[in-house]
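Convention: sequence-line order gives letters A, B, ...; per-chain numbering from 1.
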Amino acid sequence: MSNKDNKVTEENSTGRYSYFYNKKIKQAEQDIKFRKQYETIGKQTSQLLKGLTIYVNGHTIPGRLQIHDMVVLNGGNFLHHLSSKGSATHIIASSLPPKKRLEFKNYKVINPQWLVDCIKQQKIVPWQEYSIIKSDIEQPSILKISSSSANKTPPNCNDPNFLIDYFKHSRLHHLSEWKASLRQKFIELYQDIPLLTHSNSSYTILHIDFDCFFATVAYLFRDKKKFPTLDFDKDPIVVCHGVKNSDIASCNYAARKLGIKNGMWVGTAEKMLPNGIKLTTLPYEFENIDNGSKAFYTILQSIEQFYYVLPVSIDEAICVMSKNAMENKQTLLQLCNAVRQRIKHETSGCIVSIGVSDSLVLARLALKMAKPNGVFMFDNDNESQDLNDMNQFWGSFKLDDLPGVGRSTLKKLRYKYPKVKTLQDLRQTCQDIISLQSILGNKLGEKVYLALRGEDDEESARIIYDPINMFQRKSISIDINWGIRFKDMVEIDKFLDICSDYLVNKKLAEYNKLTSSITLKLMKRCVDAPVDPPKYMGMGRCDPFTTSSRLGVPTNDGGIIATELKHMFRTLPVPPVELRGISIQFNKLVDPDDPKNSNVKKGLSLLFQKDQVTTTPSPSSRSIESPLHNVESNDPHRKYKRLKRSPVKEREDQLESNQRNAFQQQFFQELPTQIRKDVQHDLKITRKVNDSKLKRMKEELQRRENAIRNMNSHFMNSDSIFVPIKFQNETNFEKICSMVNDWVRETIKEKGPHERDLHFFKKYLNKLCDSDRVHFVLRLADMISVTLNLMAHKYGNAEGFTEWEIILIKFIIPLMNRNRHTFRTERKLDIEYDI
DNA sequence: TAATCATCATAG
DNA sequence: CATCGCTATGATGATTA
Ligand SMILES: Nc1ccn([C@H]2C[C@H](O)[C@@H](COP(=O)(O)OP(=O)(O)OP(=O)(O)O)O2)c(=O)n1
């Protein structure tokens, strides 16, 4: 098949040569249609490439044909065969097999981007940066061996390059990055053009998407020696890294016929093959995918009728045009086919399908109808559309074909309407919005209700009426849920440093933002999940834990952020060895140049200075540069060593035979305080600047003082506090927390809590557990542990101190363990597609 | 009632 | 060998002020 294609290409290219040649001469009398069609290539010729002779080797994007056009239009020579050795000045290729590498080693072999950039900038850019050869052939065999053996080293999250290496191979990371960058480009491109209005609400929507994009590109760029007879139309092909528990990024339509889907694991897909049929797995072609997408967007953006080309993802865009931009359906269809033809052409073989309608949902559904390799126009106008057609249209979709309906929603719908299989069924069964809303919630219910009538909900339509705002970044985050296997907190701290560095220097810097709110989410292996999940280095089944923190003063200081993250980590009950995934988000982004925030930096420095005066007697280091960072990075082991000596730990050593449970000792050794103890003053800098926190602390202080005044050795002199809460939900947990804290603090200094108070306290805790609020118990336990640690150095020998330790270890922790099941790790949905 | 946080769900 | 399970966003429910 590929051979045939190549032939066609050759013929075309010769045929077209004369066309372009003519075109160049007859520039003045441009046929408008053709100008339109070819303007991306550059409607004016230039002499940019004069004197250069260019040869294309193998498969490229833009394809050989486009390169030919670009070269010729810009005054260069295009070499059809390399027979005339030495005559080529440049060879364009995406990659070279070793043999060719040797053969071409004296040529300037560059990737196609070089040509694109030359033409874009209208100058010959240095070729070295685009060189194909330099990267891996430069070093002869010795290095090759060492690098190939280095490649064999198993993934290790302690490797300083782990994060980057991982991202390099992660398809989902690429998808996210690409999407973000497309959105950014959209903003730059369209921010000055007026928004569309609802009033003028007759728009035609074209939803355009490559058919099985990754699979197509992987096929086109496959190693043809390895797969000489592979047939894309007949053989099931998937793109993946591995062989069994590896995700399928994309599978061709031959595979889909057998029931294979994107996201499925290879092993599962193989089970669906009929006897005798083999599944072909191809590697990812990230760079070529990117190139294909560039061509795709360039073409779409060159189409005058499109008011917007809204990026959905790397391979998918929504084009919006005024309804009267096209005369009739016929011309619209022609446009679609021209676009399809041109994209196929310029990506040398990638197919797009197009769904056309007058709402986003319908265009999306029409696209689904159009696939593979087609155009589908759906007219929702009841009068003009045959009822049968309508029924057939809606009847051909499964429930989760509706945008917004995923696994979870599908389950809910199935549960409520077991008989409903297609959207047509759902249309008939669910006539009113209320019943949908009661199952799916307010918004989703409405969305589905409208979608079934072919209308967009307000939120979805925002992409048309307010795309700039919608594409504006509101948060920055990274997730790593693969390859995470740490031994202890030291390793994790280092990793958090790396993440923080990545986020700050790569992301915050790129967008020139500060952040004032951080969220940390950890994935902890489910208690009943195997230590080694089915997927190699995967996360397996996990319980998620999140916590977030306001920074009060926006910052882009990696040190402050890293410290905060380390602190936050320790507030979550996840022992290092159970950690399977980390995600870090900056939820609130602040523009440092915004005049509103002009006092931010000043405030920051003031606070730092002020705090430094109180923390360090010697005012020598007055630098505003993160004192935290220094403390943290100078000696990450210091606090860890200290941890080992913490009183709780000693205590636990004594008691260890009695109490050893899933709330691991390790967690309690490493509760927030220990860190806070060591970097206490420094943390205050970040934490206390927060106004609200300050206020709360002041209030607490006030309350505490009052409480202390009113109490003697024990301040709960009656059944007072805990009894009512058991029955009245309205009682405020925060206040209880604060009171308990006072109570603990006071009684630590003396002989411990009064028996009666303790009794009620335990009763209260039991109540909390019974009412499924173990997380409150956890918080109380955390708080008590914190208090113990804080007071260890002064009251470590007091009777009350020991008392409280025993209460914590012998009562509270076991209580939490007993009730863990209500807290976390119930059954949990099957994470994997399989199973 | 609004603000805030943790959690869930979705898409590619 | 395996394998590269990301990330922005909106909705929702619980809790607090
Ligand atoms: N779970 C998924 C879904 C998608 N993708 C990648 C591979 C796809 O090629 C690309 C585009 O996703 P689409 O949903 O558009 O799927 P395809 O393009 O593969 O197929 P089609 O659009 O024909 O259904 O995103 C992925 O890696 N993992």
I need the NE2-P distance between A:His169 and C:dG5, as an integer number of Å. 11 Å

For A:Arg580 and C:dC4, give me the distance from atom CZ to atom C1', rounded to whole Å. 16 Å

Report the distance from atom CD1 of A:Ile582 to atom C1' of C:dC4, rounded to the nearest whole Å. 16 Å

Side-chain donor/acceptor pairs under 3.5 Å, residues 161-170 of chain A, sequence neighbours excluded:
{"unit_1": "A:His169", "atom_1": "ND1", "unit_2": "A:Asp165", "atom_2": "O", "d": "2.9"}
{"unit_1": "A:Ser170", "atom_1": "OG", "unit_2": "A:Leu172", "atom_2": "N", "d": "3.4"}
{"unit_1": "A:Ser170", "atom_1": "OG", "unit_2": "A:His173", "atom_2": "N", "d": "3.0"}

The salt bridge (charged side-chain N to carboxylate O under 4.0 Å, His left out) partners of A:Lys521 (sequence neighbours excluded) come to none

Please confirm whether the shortest side-chain N or O distance from A:Thr519 to OP1 or OP2 of B:dA6 is below 4.0 Å. no

Residues pairing under salt bridge (charged side-chain N to carboxylate O under 4.0 Å, His left out) where one sits in residues 500-520 of chain A, two or more places apart or in two chains, turn out to be A:Glu177-A:Lys507

Could you work out, with ring pair (Phe, Tyr, Trp, His ring centres under 6.0 Å) as the rule, every residue matching A:Phe296, not counting sequence neighbours? A:Phe210

Rounded distance in Å - CG (A:Asn262) to C1' (B:dG12): 9 Å

Without decimals, in angstroms, what is the distance between A:Asp159 CG and C:dC4 P? 19 Å

Rounding to an integer number of Å, can you tell me how far A:Asp315 CG sits from B:dG12 C1'? 7 Å

Note the angle between the end axes of the helix from B:dT1-C:dA17 to B:dG12-C:dC6, five pairs defining each, rounded to 10 degrees. 10°

Salt bridge (charged side-chain N to carboxylate O under 4.0 Å, His left out) partners of A:Arg462, counting only residues at least two apart: A:Glu459

Can you sort out the partners of A:Asp457 under salt bridge (charged side-chain N to carboxylate O under 4.0 Å, His left out), two or more places apart, ordered by chain and number? A:Lys447

Could you pull out all residues at least two apart from A:Glu287 that satisfy side chain to side chain donor-acceptor pair (under 3.5 Å)? none

Length of the line joining A:Arg407:CZ and B:dG12:C1', which is rounded to integer Å: 16 Å

Under 3.5 Å, N/O pairs linking protein and nucleotides 6-9 of chain C:
{"unit_1": "C:dC6", "atom_1": "OP1", "unit_2": "A:Tyr166", "atom_2": "OH", "d": "2.6"}
{"unit_1": "C:dC6", "atom_1": "OP1", "unit_2": "A:Asn481", "atom_2": "N", "d": "2.9"}
{"unit_1": "C:dC6", "atom_1": "OP2", "unit_2": "A:Asn481", "atom_2": "ND2", "d": "2.7"}
{"unit_1": "C:dC6", "atom_1": "O4'", "unit_2": "A:His173", "atom_2": "N", "d": "3.2"}
{"unit_1": "C:dC6", "atom_1": "O3'", "unit_2": "A:His173", "atom_2": "ND1", "d": "3.4"}
{"unit_1": "C:dC6", "atom_1": "O2", "unit_2": "A:Ser176", "atom_2": "OG", "d": "2.8"}
{"unit_1": "C:dT7", "atom_1": "OP1", "unit_2": "A:His173", "atom_2": "ND1", "d": "2.4"}
{"unit_1": "C:dT7", "atom_1": "OP2", "unit_2": "A:Asp479", "atom_2": "N", "d": "2.9"}
{"unit_1": "C:dT7", "atom_1": "OP2", "unit_2": "A:Asp479", "atom_2": "O", "d": "3.2"}
{"unit_1": "C:dT7", "atom_1": "O4'", "unit_2": "A:Ser176", "atom_2": "OG", "d": "3.0"}
{"unit_1": "C:dA8", "atom_1": "OP1", "unit_2": "A:Arg473", "atom_2": "NH1", "d": "3.2"}
{"unit_1": "C:dA8", "atom_1": "OP1", "unit_2": "A:Ser477", "atom_2": "N", "d": "3.3"}
{"unit_1": "C:dA8", "atom_1": "OP1", "unit_2": "A:Ser477", "atom_2": "O", "d": "3.4"}
{"unit_1": "C:dA8", "atom_1": "OP2", "unit_2": "A:Ser477", "atom_2": "N", "d": "3.0"}
{"unit_1": "C:dA8", "atom_1": "OP2", "unit_2": "A:Ser477", "atom_2": "OG", "d": "2.2"}
{"unit_1": "C:dT9", "atom_1": "OP1", "unit_2": "A:Gln472", "atom_2": "O", "d": "3.3"}
{"unit_1": "C:dT9", "atom_1": "OP2", "unit_2": "A:Lys474", "atom_2": "N", "d": "3.0"}
{"unit_1": "C:dT9", "atom_1": "OP2", "unit_2": "A:Ser475", "atom_2": "N", "d": "3.3"}

Phosphate oxygens OP1/OP2 of B:dA6: is one of them under 4.0 Å from a side-chain N or O of A:Thr547? yes

N or O in side chain of A:Ser246 less than 4.0 angstrom from C:dC4 OP1/OP2: yes

Under a 3.5 Å cutoff, is there a donor and acceptor pairing between the side chains of A:Asn291 and A:Ser293? no

Near-strand residues of residues 436-448 of chain A, defined as heavy-atom separation under 4.0 angstrom from DNA chain C: A:Gly441, A:Asn442, A:Lys443

Between B:dG12, C:dA2, B:dA6, spot the one nearest the side chain of A:Ser548, thanks. B:dA6

Set of ring pair (Phe, Tyr, Trp, His ring centres under 6.0 Å) partners for A:Phe214, sequence neighbours left out: none

Atom-to-atom span, CG of A:Asp209 to P of B:dG12 - whole angstrom: 8 Å

For A:Lys294, give me all partners under salt bridge (charged side-chain N to carboxylate O under 4.0 Å, His left out), at least two apart in sequence or on another chain. A:Asp290

